[in-house]
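Since the structure comes first, as structure tokens, the remarks are kept for the end.
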Amino acid sequence: MFASATDNYFTLPCHDVVAGRGDTGNMRVRASAGGLSVHAVAGSNVVLLGLDLPKARTKGLLGFAIERFDPAENERYWLRGFKVFEQTAHGLPPGSSVSLLEHPLQSFLWADYTAKPGRAYEYRIVALHGKPKNLQVRREVTVAVTTERVDQGTHAVYFNRGVAGSQAYVSQFGNRAPRDGDRSDPAYDWLSRGLEEALLAFIGSATGPQFAIRASVYEFNYPMALDAFRAAADRGVDVKIVYDRRGPASNDPDRPKVWQVTEPAVTRAGLDPFMIARRTNSAISHNKFVVLLRDGTPQAVWTGSTNLTWGGLFGQSNVGHLIRDETVAAAFHDYWNRLSADPDYDLIRPANLVASPDPASPPPAGTTAVFSPRTGLQLIDWYAAQAGRARRSFFMTAAFGVHEKIAAAIAPESDVMRYLVLEREQAEGVRFDADRDVKIAVGSFLRTSILDRWTRERLTGLNRNVLYSHTKFMLVDPLTEDPLVISGSGNFSDPSVGRNDENMLLVRGDTRLADIYLGEFMRVFNHFYFRYLQQKLRTEPADIAFLKPDDRWVGRYYNRATPSYRQRRLFR
């Protein structure tokens, strides 16, 4: 088992600690002792821990264990994982987690996905040597971080769980779908992870006749959201909602038009008097934003990737992004006014381009909003240019594939780490094989048990088309002091730029926001990456399920030719 620290402990030097810049918390903090170093990057609900050791001190290293201390809860415990040593795993029930103190982390990157916003935490990392049945502490380091609060500051960001097909879901709720239409099912609280609650609270913040709400929606049938808009109107709030009403009705009951689902739900909620149909010749009215006004002045805007449906809020991975900025809110309000007149392409394209010109590369510091449809497709070239200018790292989610121009920008051989989360395998003809530093995770879940260690998983059943990842964002060099976050409703495609009603946020230089998005990206990426590899290999290899019983796992992290080497250096 585990040899106690007092049996294999030697005096460590004092920690060297460097705190990074953060608007409200210690977002980026480094600490080192005895050669072991940790770089903590804290978002709201995720803390990333990049670890490092000099290569000479990795001989006999079997991995790392991490202890978390939560002063608010007065709790101290070792974090847990799923991979185990085969030699000591006998008798463990399928799907059971294990202490990293007995089955350590064999990676130089770990994340705590159970952190809470606005909390101070201490993480104690120990390097374990020896053998699986006789693990010994050789060195340790402790780092203190404070996660970001979401109820203050310019940007508040809410990601739902987005990983219904997970061991955690099965462990808590069994291998079942959440109860259809029954919001009292606690599975929905877990799946929402605060997204639904934040949306309803934002609508509810319009408390009386001095307020107005201007929304533009695509899929719009989640009863509690519709009821929240109706309740606002009943309080005297001036409510108006633009919705997608394109094209003739579909005769296919399995693929109705969006409006064929929206309109009955709107009628049930009593919202018909407040709706404005978007009918003319844009492809789809794909926005998902809500502007809050007080005394006629725009105050804040809620936007992001989340459609107001059961599947949008509780199924596929989505983000709600609240901006408390009057200038940004005013830009969205002006855009809403353009949409509410139901203009055709000839009017709205040039108007959007005037209101939100193609940005410089890179864009100015701060928050810039970009609206579609717009004249020309130069914005696609701009997205590709941002992807190509990354000097250390690039991260992107794509529900409908990576545009060929963006793919061309990130495909060439480079030492820049590039990570993609895809809904499905990339279309033929767009490949990333030339550069091993492009790491891809495709939406997946475990359909079978792997070596009896993982239980079978299932999806919610709430989504038909996009099952896994519906977010649309890019992160350019997020770990630097000059990150760029691009997020919104558009899918980085020709239609999303030239034909659809869309909105995108460009936020440059905000390390707090970049850290929040990066933590959530890595949460989803790592979840899907393991499952994608298992599905792709279509086998049950011990290399996936079991830890190495010696230090063979270490080598790739110090081999300059490998992505693992660059990932270690990036996050450290």
Side-chain angles (χ1 to χ4, degrees), residues 181 183 196-250 256-282 284-304 306-313 320 322 329-344 347-348 351 371 489 500-503:
R183 182 58 184 86
E196 178 230 31
E197 295 86 341
L199 169 67
L200 298 182
F202 181 68
I203 299 170
S205 67
T207 55
Q210 71 271 40
F211 288 94
I213 285 175
R214 297 292 183 264
S216 180
V217 297
Y218 182 51
E219 296 182 46
F220 185 60
N221 56 67
Y222 177 59
M224 272 60 89
L226 274 65
D227 289 346
F229 283 111
R230 177 69 226 202
D234 291 342
R235 293 191 296 271
V237 177
D238 178 10
V239 175
K240 291 185 174 62
I241 303 170
V242 171
Y243 75 103
D244 182 273
R245 186 42 167 99
R246 307 305 170 84
S250 168
K257 293 285 188 178
V258 166
W259 61 264
Q260 288 178 275
V261 181
T262 294
E263 290 186 344
V266 163
T267 299
R268 286 192 295 269
L271 279 176
D272 289 296
F274 312 101
M275 305 301 292
I276 299 173
R278 181 84 166 96
R279 298 174 183 274
T280 51
N281 64 357
S282 295
I284 53 175
S285 189
H286 196 242
N287 286 305
K288 312 102 170 39
F289 71 82
V290 183
V291 181
L292 178 70
L293 299 93
R294 180 168 186 162
D295 298 326
T297 301
Q299 302 291 309
V301 60
W302 171 284
T303 185
T306 310
N307 284 307
L308 303 192
T309 66
W310 288 94
L313 290 159
L322 167 59
F332 272 84
H333 184 232
D334 291 344
Y335 177 45
W336 186 92
N337 284 329
R338 294 194 294 276
L339 295 172
S340 66
D342 195 25
D344 63 20
L347 293 175
I348 197 166
F371 303 110
S489 70
N500 300 348
D501 298 343
E502 307 275 14
N503 69 90

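Predicted model, so just to flag it, every value in this text is computed and none were measured. As a basis for the values below, the full set of heavy atoms in this structure was taken, side chains included, without hydrogen atoms, waters or symmetry mates.
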Indicate every side-chain donor-acceptor pair of residues 289-296 with a distance under 3.5 Å to a residue at least two apart or in another chain.
none

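Using a 4.5 Å heavy-atom cutoff, the side chains of L339 and I348 are in contact. Taking the side chain as every heavy atom from C-beta outward, V266 and I241 never approach each other to under 4.5 Å.
Taking every heavy atom of both residues into account, L313 and E196 meet most closely at CD2-CA, 4.0 Å. The two residues L200 and A228 have their closest heavy-atom pair at CD2-CB, 4.0 Å. Shortest non-hydrogen contact noted between F274 and A233 is CZ-CB, 3.6 Å. Contact between A225 and L199 at its shortest, heavy atoms only, is CB-CD2, 4.5 Å. A300 approaches L322 most closely through the heavy-atom pair CB-CD1, 4.1 Å. Listed here is the closest heavy atom pair of Q260 and P264: O-CD, 3.1 Å.
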Report the C-alpha separation of T280 and R278 in whole Å, then their side-chain angles, then the decisive distance to 0.1 Å, and conclude whether the side-chain hydrogen bond (donor to acceptor under 3.5 Å, both in side chains) test is met. CA-CA 6 Å; T280 51; R278 181 84 166 96; 3.1 Å; yes
Using the side chain to side chain contact (heavy atoms under 4.5 Å, CB included) rule, take K288 and N307 through it: C-alpha gap first, then chi angles, then the decisive distance, then the call. CA-CA 6 Å; K288 312 102 170 39; N307 284 307; 2.8 Å; yes
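In terms of modelled atom types and a separation under 3.5 Å, the side chain of N287 and the main chain of N503 share a donor-acceptor contact. Remark: the backbone N or O of A206 is paired with a side-chain donor or acceptor of R235 at under 3.5 angstrom.
Qualifying ring-ring contact (aromatic ring centres under 6.0 Å, His included) partners for W310, counting only residues two or more places apart in sequence or in other chains: Y188, Y222, F314. For F220, the ring-ring contact (aromatic ring centres under 6.0 Å, His included) partners two or more places apart in sequence, or in a different chain, are F229. For D244, there are no side chain to side chain donor-acceptor pair (under 3.5 Å) partners, not counting sequence neighbours.
Atom CD1 of I203 and atom CE of M224 lie 12.0 Å apart (nearest 0.5 Å). Rounded to the nearest 0.5 angstrom, N221 CG and T309 OG1 are separated by 6.0 Å. One distance of note links CZ of R245 with CZ of R279; it measures 4.5 Å at 0.5 Å rounding. The OG atom of S250 sits 7.0 Å away from the NZ atom of K257 when rounded to the nearest 0.5 Å. Y243 OH to E263 CD: the interatomic distance, rounded to the nearest 0.5 Å, is 3.5 Å. For the atom pair OG of S205 and CZ of F211, the computed distance is 6.5 Å after rounding to the nearest 0.5 Å.
Between R246 and D501, at least one side-chain N (NZ, or NE/NH1/NH2) sits under 4.0 Å from a carboxylate O, which counts as a salt bridge.
Among residues at least two apart or in separate chains, salt bridge (charged side-chain N to carboxylate O under 4.0 Å, His left out) pairs with a member in residues 212-221 are R214-D238. Listed by first then second residue, pairs satisfying side chain to side chain donor-acceptor pair (under 3.5 Å) with a partner in residues 225-234 read R230-D234, not counting sequence neighbours.
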